[in-house]
Amino acid sequence: MSYNLSEGSLEVIMNGGHYDKPIMQVLGSKKIQGSGANERFRLLVSDGRHSHSFAMLATQLNDKLITGELSDYSVVQIDRFVTSLLKNTGKGEKRVMIILDITIIAPGTSVGKKLGNPQTWTEESATSNPAPVMQPVPKPNLIPTPMSKPASTTGMNMNTSINSSLLSSQMTHPIASLSPYQNKWVIRARVMNKSGIRTWSNAKGEGKLFSMDLFDESGEIRATAFKNECDKFYDMIQVDKVYYISRCQLKTANKQFTNLKNDYEMTFTADTVISECTDDSSSLPDIKYDFIPINTIADKSPDTIVDIIGVCKYAADIQELTAKSTGKLLKKREVTLVDSSGGAVSLTLWGSEAEKFDGSSNPVVVAKGARLTEFNGSKSLSCLASTMMRLNPDLAEAHKLRGWYDNGGADMDIVNISANGEWLTFRDAESRQLGSGEKGDYYSLLGVITFTFSDNAVYKACPQDQCNKKLVDQDNGLYRCEKCNREYPNFKHRLLMTASVSDPTGDQRVTAFNEAAEAVLARPAAELGQLLDYDKSGYAQAFDDVKFKTFVFKFRAKVETHNDETRLKTIVMNAQPVDYKDANARLIKSIKTITGIQV
DNA sequence: CCCCCCCC
């Protein structure tokens with residue numbers, strides 16, 4: 001098998017000319033920056049005559065390298081690329097090619113060797129001053145009078161003739177080529193996401209800001225507007241619109257705070273110029289989504305950032321809560337999304353997003369960049385400030401889902417991966433050897449309380465909010481907390497109850513901590529504490545009353561080892577009254593499954 | 001210059 005490389009194409013491109021879909025061979029690759037989501041790779045490519053390491057892979061193609069699909073010696077067709085002249089510290093200018101689309105014609109393993117005898121392309125091989133090939137900017141009035149100000153707040157040694165030639169040639173730069181070392185550029189970018197205005201006040205001062213995520217075909221970048229720029233640009237910047245943007249400050253992005261694939265971020269300055277691009281936005285890509293089927297979320301790790309699309313099957317009421325760490329009042333709404341994978345997942349919305357959400361018409365919900373969280377063994381998604389949400393977007397996937405849902409999907413049996421464990425019997429739990437794993441196993445069970453142990457079920461706990469340690473009575477009116485290492489005149493009552501639960505297949509000794517025990521006994525811990533101290537028979541009655549009551553239990557099973565003795569510990573996560581409609585539906589379903597009778 | 005992204 002022989003491969004026809006596009007001999008000479010590299011020289012044409014390096015000289016700023018265009019070459020349609022050149023065929024080249026990849027001779028090597030190197031990570032040039034970042035890690036994880038911010039990786040960027042440079043390729044050594046050859047056209048058979050020359051080789052050069054000037055090619056950068058657009059980050060959306062990183063996977064091809066990481067998975068090995070794009071291995072050394074691969075022969076590829078470069079379907080789409082842009083080039084950009086970078087000013088290189090001390091070395092004049094340097095052209096880079098950003099590969100936007102690539103077809104692998106032959107994998108490296110089947111080529112197996114370097115084709116031809118390519119010579120390393122050098123600057124000296126360049127012919128004179130080419131016309132750069134870039135997208136023309138259709139003359140918006142955006143570029144300030146060139147050189148009216150001394151360039152650079154970065155302290156770089158800017159060459160003004162290069163600056164003015166870059167400006168006068170009116171071309172746009174790919175976002176992927178932006179760096180702090182080069183501050184004369186214009187990007188043409190679509191707004192993917194825009195934050196609200198946020199204010200801050202700390203030791204260093206106060207102010208306000210908003211930020212936005214921008215992207216073009218080469219990559220994406222976060223941009224932030226502070227104070228004056230916040231006021232100046234907030235109304236102008238609109239999600240999904242395309243803008244020419246120039247004269248921003250670039251700085252290293254703090255990866256701790258961003259999911260965007262860029263090592264840099266932009267800050268608007270007093271010099272920043274932005275103008276909307278109204279004439280031809282079609283050549284800019286739409287927002288890229290990497291949707292995953294809902295039923296695959298269960299296999300992913302907590303903190304994974306995912307793009308999700310689903311029909312809103314239910315939207316819970318808004319809930320208000322106080323964040324323990326900050327004391328901040330929070331509003332949240334949990335929305336259940338379903339898709340044709342047969343999975344359902346809970347997505348948590350926050351703040352104004354939660355307030356304004358209306359799920360009554362079962363909208364298709366898109367969330368780009370939601371975070372997977374795990375709580376009590378079940379996985380769900382949560383919106384971050386950087387998560388982009390859309391309702392009923394004009395997307396092929398959204399229309400397909402709408403069709404699926406409206407034509408039977410709404411009635412499909414779904415598995416809710418955010419539901420707290422599957423429905424099991426005690427026999428199931430035993431035969432599956434639940435609880436042998438590191439984290440324990442969670443399951444739901446319909447069962448009867450057969451016995452409650454009232455002795456020591458109430459204790460005097462440390463009054464500190466976070467501390468529930470049992471106090472030592474000092475017999476002097478003070479109680480000592482060993483954990484806090486201090487004494488208190490007061491305490492709070494908490495519950496720690498042992499009980500027996502039975503279902504038709506077996507029984508189990510279980511432990512219920514405070515809230516779960518309160519739910520079982522239908523009394524607050526403080527009241528039981530009062531009964532214990534002042535009304536012993538009332539106390540005993542409270543524990544008797546609950547015997548032979550049926551609950552829907554959520555259990556956590558975990559095998560624990562104490563003094564060489566292992567036993568299964570089952571903790572009641574919560575106990576709820578039986579929803580008979582729901583319980584009967586499950587019963588009927590399992591009868592159908594067991595008997596094979598479909599009605 | 002922000003950097004919060006939460007809760008059970």
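Convention: sequence-line order gives letters A, B, ...; per-chain numbering from 1. Remember, predicted model here, so these are calculated numbers, not experimental data.
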No-hydrogen, no-angle side-chain donor-acceptor test under 3.5 Å, Asp271(A) and Thr269(A): no
Over how many whole Å does the gap from Leu209(A) atom CG to dC2(B) atom C1' extend? 5 Å
Kindly point out which of dC6(B), dC2(B), dC7(B) is positioned nearest to the side chain of Lys328(A)? dC6(B)
Roughly, in whole Å, what's the span from CG in Leu384(A) to C1' in dC5(B)? 5 Å
Would Phe375(A) count as stacking on dC8(B) if stacking means ring centres less than 5.5 angstrom apart and planes tilted under 30 degrees? yes
Look at the side chain of Lys227(A) and the base of dC1(B), then say whether one donor and one acceptor between them are separated by less than 3.5 Å. yes
Side-chain-base donor-acceptor pair under 3.5 Å for Glu265(A) and dC3(B): yes
With no hydrogens and no angle check, do the side chains of Thr425(A) and Asp428(A) hold a donor and an acceptor under 3.5 Å apart? yes
Round to a whole Å and report the spacing from CD of Gln256(A) to P of dC3(B). 12 Å
In whole Å, I'd like the distance from the CD1 atom of Ile305(A) to the C1' atom of dC5(B). 10 Å
Got a donor-acceptor pair under 3.5 Å from the side chain of Lys332(A) to the base of dC7(B)? yes
Arg222(A) pairs by side-chain hydrogen bond (donor to acceptor under 3.5 Å, both in side chains) with which of Thr258(A), Asp213(A), Asn262(A), Asn259(A)? Asp213(A)
Find the distance Leu347(A):CG to dC7(B):C1' and express it as a whole number of Å. 15 Å
To the side chain of Arg371(A), which of dC7(B), dC2(B), dC6(B) is closest? dC6(B)
Rounded to whole Å, CZ of Arg222(A) lies from C1' of dC3(B) at a distance of 9 Å
So, OP1 or OP2 of dC2(B): does either fall under 4.0 Å of a side-chain N or O from Trp200(A)? yes
What integer distance in Å separates Glu518(A):CD from dC8(B):C1'? 15 Å
When the distance from CG of Leu321(A) to C1' of dC5(B) is rounded to whole Å, what number comes out? 13 Å
Using a heavy-atom cut-off of 4.0 Å across all strands, would you classify Lys331(A) as base, sugar-phosphate, or nothing? nothing
Between Asn468(A) and Lys492(A), do the side chains contain an N or O donor and an N or O acceptor separated by less than 3.5 Å? yes
Between the side-chain atoms of Glu334(A) and the base atoms of dC7(B), is any donor-acceptor pair under 3.5 Å? no
Out of dC2(B), dC5(B), dC6(B), which has the shortest distance to the side chain of Ala385(A)? dC5(B)
Tell me whether Glu560(A) is salt-bridged to Arg567(A), with the criterion being a basic N under 4.0 Å from an acidic carboxylate O. no
Base, sugar-phosphate alone, or nothing: which one does Thr387(A) contact when heavy atoms must sit under 4.0 Å apart? nothing
